[in-house]
Amino acid sequence: MSAFTELDFIFNRRSVRVYAPGEVSETQVEGLLRAAMAAPSAMTKDPWRFVVVREPGTLAALAAALPGGKMLATATLGIAVCGDQEAAFERHSAFLVQDCSAAVENLLLAAPALGLGACWAGVYPGEEAIRQVRRTLSLPASFVPIAVVAVGRPGEQLEPRSRYNPDYVRRERWA
């Protein structure tokens, strides 16, 4: 990886699931949201909508609703990334999911730059998870929760890594 030091910001992005005590400022939250909204979007429709959650009871409810979201119970905050079906290109859920996923990745890449740790907990396409997150966050009917990102001060140090596998790559054609 040393030949790619200019990409360290990507290799340093790790899923932080253990959080240390400490606040996340509103300036940091705005930075995360600005990064998320800098993502590409099909036909620049920007269908993403965000709910910032700091209330411990709400974080615990989200943690209980999401099989991969247990760390939300100990995070300083969670950011629910939702897509507004009415705003998505051609109102198509596939574009909505792609746009919101790009926003999540930008948010995750921004977190370490702001001294934070973050972890993506998927919601979509789990029907029960969608139902519970919608109810917990009082989302409008046209909003589809895609993910909830746990955010806080990192309570663990994870080594940079790449999962590059040349077996997953072909040139020009697969066969």
Side-chain angles (χ1 to χ4, degrees), residues 7-41 46-84 96-140 143-163:
L7 299 177
D8 281 351
F9 75 100
I10 292 175
F11 303 130
N12 288 328
R13 191 230 48 87
R14 297 295 306 273
S15 294
V16 174
R17 293 178 176 86
V18 177
Y19 301 98
E23 287 302 308
V24 175
S25 72
E26 282 302 315
T27 301
Q28 289 171 307
V29 171
E30 183 178 328
L32 292 172
L33 294 171
R34 284 179 175 274
M37 291 185 225
S41 158
D46 301 350
W48 42 66
R49 306 294 184 261
F50 303 88
V51 179
V52 179
V53 177
R54 289 185 184 267
E55 173 60 42
T58 307
L59 289 168
L62 291 169
L66 303 175
K70 303 306 177 219
M71 68 284 180
L72 284 158
T74 59
T76 304
L77 63 92
I79 299 176
V81 181
C82 306
D84 184 351
L96 179 142
V97 171
Q98 291 176 65
D99 292 352
C100 290
S101 296
V104 170
E105 182 66 9
N106 274 15
L107 192 158
L108 293 170
L109 287 170
L114 296 172
L116 302 171
C119 187
W120 177 336
V123 178
Y124 182 88
E127 292 179 22
E128 183 57 26
I130 290 170
R131 196 170 12 266
Q132 288 187 40
V133 171
R134 274 189 172 139
R135 183 177 30 238
T136 300
L137 301 180
S138 302
L139 298 176
F143 283 26
V144 179
I146 302 301
V148 180
V149 179
V151 179
R153 298 276 171 202
E156 60 184 342
Q157 285 298 109
L158 301 169
E159 291 297 315
R161 73 164 183 204
S162 169
R163 295 195 311 241

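Just so you know, these numbers use all the heavy atoms, side chains as well, and skip hydrogens, waters and symmetry mates.
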Roughly how far apart are [X] [atom1] and [Y] [atom2], rounded to 0.5 Å?
X	Y	atom1	atom2	answer
D84	D46	CG	CG	11.5 Å
L114	T27	CG	OG1	10.0 Å
L33	E26	CG	CD	9.0 Å
L108	L116	CG	CG	11.5 Å
R13	E105	CZ	CD	6.0 Å
I146	Q98	CD1	CD	11.0 Å

Residues 62-80, side-chain donor-acceptor partners within the protein, below 3.5 Å, at least two apart:
{"unit_1": "K70", "atom_1": "NZ", "unit_2": "A63", "atom_2": "O", "d": "3.4"}
{"unit_1": "T74", "atom_1": "OG1", "unit_2": "M71", "atom_2": "O", "d": "3.2"}
{"unit_1": "T76", "atom_1": "OG1", "unit_2": "G22", "atom_2": "O", "d": "3.3"}

Would you call V151 and V29 a side-chain contact if the rule is heavy atoms closer than 4.5 Å?
no
pair W120-S101: side-chain heavy atoms closer than 4.5 Å:
yes
V16 backbone acceptor or donor facing E156 side chain under 3.5 Å:
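No, E156 side chain to V16 backbone: no donor-acceptor pair under 3.5 Å.
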Is a donor on one side and an acceptor on the other found under 3.5 Å between the side chain of R54 and the backbone of V24?
yes
More than 12 heavy atoms of other residues, nucleotides or ligands under 6.0 Å from CD of E159: yes or no?
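Open: at most 12 neighbouring heavy atoms sit under 6.0 Å from CD of E159.
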side-chain hydrogen bond (donor to acceptor under 3.5 Å, both in side chains) partners for N106, two or more places apart
none
Do the charged groups of E30 and R34 touch, with an N to O distance under 4.0 Å?
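R34 and E30: salt-bridged.
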